[in-house]
Amino acid sequence: MQQPLEPMEIPPGCPAHGNVQMYGPSFGADPESHYAQLRHYGPSAPVDIAPDVQAELVTSYDAALYVLQNPASFVRDSRRWNALNEGRVPAGSPALPMMGYRPNALFSDGAAHARLRGAVTDSLATVNEHQLIRQTQQSANYLISQFSTDIRGQAELMAEYAQPLPLLVFSELFGCPPEIGDRVIAGISGIFEGTPGADEVLGGALTELIALKRRRPKDDLTTRLMEHPAQLSDEEVLHQLVTLLSGGTAPLAAAIGTSSALYLGEDWQVGLPVEDAVSQTLWNYAPIANYAAHYPTHDVELGDRVVRANDPVLISFAAANTDPKLTEHREQLSAKAHLAFGAGPHACPAKDPAFMITVTAVETLLNQLLDVEMRVPFKSLTWAPSPWSRTLVTLPIRFTPRAAPQGPKPAGTNAGQTSQQQTAVSSPAAGPSRTGTGAAPQPKGGLFSRFLAWTRGE
């Protein structure tokens with residue numbers, strides 16, 4: 001008797017095939033083969049983005065641009081979602097937090113989108129470039145100080161550096177006091193980790209932050225959003241802050257981790273700048289891999305396929321960036337022609353700061369730990385099985401341990417200068433405690449409180 005065909009052997013489009021599953025260990029281990037399979041359908045293909053959640057996934061670069069740049073035919077308001085309105089999306093589906101409607105610029109269209117996005121982009125435009133670099137360097141220096149004196153000379157770079165670094169930078173940009181900053185970090189980290197009650201923790205912390213800025217406005221991103229001429233309500237400010245956190249911190253962590261791994265990897269050409277590693281990450285390992293649900297306002301044709309009005313159309317930024325039709329002449333394109341930051345009216349409003357933070361984070365690591373190297377080959381690294389992001393699970397490194405700490409040093413100085421102040425225990429995101437390494441006693445409080453105490457030399 002003939003054995004049944006494996007899923008990858010069944011001809012695309014065959015009724016026995018069903019939708020391609022874009023989740024789980026198989027996808028996480030080899031997303032490229034899934035994208036190659038999907039391309040047989042044409043510029044888009046039917047997928048299950050989560051169990052029992054169907055969508056059309058655009059894998060073609062040209063088709064992705066068409067959808068992203070055509071807001072008249074493709075809108076972002078997920079309250080149109082047919083399956084959700086008809087009760088066909090399972091309760092508790094992991095797709096709901098990613099695709100469900102929120103009153104922010106990401107899920108708005110037309111005048112509502114222009115108003116909210118304008119407030120965000122104008123507020124971000126006031127962030128001083130040099131100040132942002134200093135904040136990133138200082139956050140990086142602090143996190144490195146937490147593991148660099150470990151007598152083992154080893155660390156796990158994702159948990160101890162790439163993941164907490166954007167959280168510290170954003171907490172500073174938002175103007176959080178220590179206790180509120182701790183709760184903001186705990187809340188957003190808990191949301192990504194699936195911790196029950198994390199939404200409430202984050203919402204409560206941001207509500208307190210907004211109330212504080214109403215009483216005592218300062219020169220920070222939260223105050224600028226609140227004072228913008230668009231006159232956002234407190235609830236609208238809260239949702240824009242959540243969007244900045246969720247859309248900024250996790251993708252930044254992924255970009256920092258992958259860029260560091262590429263630069264330290266066995267195939268990296270010595271002498272190329274860090275900027276090249278970051279650009280290669282954005283092209284070949286798009287941190288936001290599959291996202292940006294659009295809803296056609298009418299039935300539309302994508303290649304030979306017809307997508308019904310109000311059925312979700314997702315963009316595979318990862319597949320579009322590696323579209324074989326594009327790679328043939330990619331050398332002729334601008335280094336910024338990738339779609340990792342999206343395109344059209346909903347393109348990431350913070351793409352330049354995000355690039356800057358990533359480059360600064362990788363450069364600071366290399367400057368502080370001059371002999372840092374990976375403990376495993378790049379090809380052996382494990383990737384998270386999520387359809388939404390392309391991020392490393394772990395990034396094990398080794399280095400020569402640094403001398404016992406003598407006190408804080410200014411942001412941006414090099415490893416050969418005075419050692420930074422060291423505390424004994426890592427941040428909650430940074431894995432196990434490092435006791436017995438000769439470090440100073442641990443200050444009380446969460447990650448942001450300890451960081452601020454370190455900057456004050458406490």
Side-chain angles (χ1 to χ4, degrees), residues 19 22 35 38-39 41-47 49 53-85 95 98-121 243 247 251 282-283 286-327 329-330 333-334 336-351 387-388:
N19 290 356
M22 301 293 289
Y35 299 141
L38 292 170
R39 290 187 181 107
Y41 286 86
S44 70
V47 301
I49 201 69
V53 179
Q54 293 80 39
E56 190 78 7
L57 186 69
V58 176
T59 58
S60 156
Y61 183 91
D62 289 340
L65 276 179
Y66 170 71
V67 173
L68 292 167
Q69 296 178 339
N70 191 357
S73 296
F74 297 92
V75 298
R76 297 297 299 271
D77 189 338
S78 60
R79 290 174 294 187
R80 292 172 166 264
W81 188 0
N82 284 329
L84 184 63
N85 293 331
M98 303 300 295
M99 297 172 62
Y101 175 78
R102 297 175 188 269
N104 59 33
L106 196 61
F107 292 93
S108 301
D109 302 289
H113 169 256
R115 173 176 170 269
L116 295 173
R117 183 181 173 86
V120 171
T121 54
T243 303
L282 297 174
W283 272 107
I288 301 176
N290 305 286
Y291 193 52
H294 291 70
Y295 300 87
T297 57
H298 52 86
D299 292 358
V300 296
E301 292 185 6
L302 292 174
D304 294 331
R305 296 181 55 77
V306 176
V307 183
R308 271 202 319 153
N310 298 325
D311 279 352
V313 176
L314 296 176
I315 306 298
S316 179
F317 300 107
N321 280 349
T322 57
D323 184 345
K325 295 180 180 178
L326 180 71
T327 54
H329 58 275
R330 204 167 84 180
L333 297 174
S334 163
K336 297 181 180 181
H338 59 78
L339 298 180
F341 293 125
H346 283 88
C348 175
K351 57 184 179 181
W388 314 105

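Residue numbers start at 1 and run along the sequence shown.
A donor-acceptor pair is defined here as one N or O able to donate and one able to accept, closer than 3.5 Å; no such pair exists between the side chain of Ser316 and the backbone of Leu57. For the pair Asp311 (side chain) and Asn82 (backbone), a donor-acceptor distance under 3.5 Å is absent. With Asn104 contributing its side chain and Phe107 its backbone, the two residues share a donor-acceptor pair below 3.5 Å. A donor-acceptor contact shorter than 3.5 Å is absent between the side chain of Asp323 and the backbone of Ser60. With hydrogens and angles disregarded, a donor-acceptor distance shorter than 3.5 Å links the side chain of Asn290 to the backbone of Pro387.
The two residues Val53 and Ala95 have their closest heavy-atom pair at CG1-CB, 4.0 Å. Summarising the geometry of Ser108 relative to Leu116, their closest heavy-atom pair is OG-CD1, 3.8 Å, with the distance given to 0.1 Å. The two atoms that bring Arg39 and Pro324 nearest to each other are NE-CD, 3.4 Å, heavy atoms only. In plain terms, the two heavy atoms of Pro46 and Leu38 that are nearest each other are O-CD2, 4.3 Å. The minimum heavy-atom distance linking Gly342 with Ala347 is given by the pair C-CB, 4.1 Å. Nearest heavy atoms, Asn85 versus Arg79: ND2-O, 3.0 Å.
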- [ ] Apply side-chain contact (heavy atoms from CB on, under 4.5 Å) to Arg80 and Tyr101, showing your working.
- [x] CA-CA 9 Å; Arg80 292 172 166 264; Tyr101 175 78; over 6 Å; no

Task: CA sep, side-chain torsions, deciding dist, call: Ser44, Glu56, side-chain contact (heavy atoms from CB on, under 4.5 Å) - done: CA-CA 6 Å; Ser44 70; Glu56 190 78 7; 2.7 Å; yes

Task: side-chain contact (heavy atoms from CB on, under 4.5 Å) between Val47 and Tyr41, intermediate numbers included - done: CA-CA 11 Å; Val47 301; Tyr41 286 86; over 6 Å; no

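Counting heavy atoms from C-beta outward, Pro349 and Arg117 have side chains that approach closer than 4.5 Å. Between Tyr295 and Asp77, the closest side-chain pair of non-hydrogen atoms is not below 4.5 Å. At least one side-chain heavy atom of Leu282 sits less than 4.5 Å from a side-chain heavy atom of Phe341. For the pair Leu106 and Tyr291, the minimum side-chain heavy-atom distance is below 4.5 Å. The side-chain heavy atoms of Met22 and Tyr35, taken from C-beta on, include a pair separated by under 4.5 Å. Looking only at side-chain heavy atoms (C-beta outward), Met98 and Ile49 stay at 4.5 Å or farther from each other. Under the 4.5 Å side-chain criterion, counting only non-hydrogen atoms from C-beta, Phe317 is in contact with Leu68. The shortest distance between side-chain heavy atoms of His298 and Ser73 falls below 4.5 Å.
Between atom CZ of residue Phe74 and atom CG of residue Leu302 there is a gap of 5.0 Å, rounded to the nearest 0.5 Å. To the nearest 0.5 angstrom, Asn321 atom CG is 5.0 Å from Leu339 atom CG.
Classification of the His346-His113 ring pair by plane angle, with boundaries at 30° and 60°, yields tilted.
Of the options Leu314, Val67, Val300, Val75, a side-chain contact (heavy atoms from CB on, under 4.5 Å) to His294 is made by Val67 and by none of the others.
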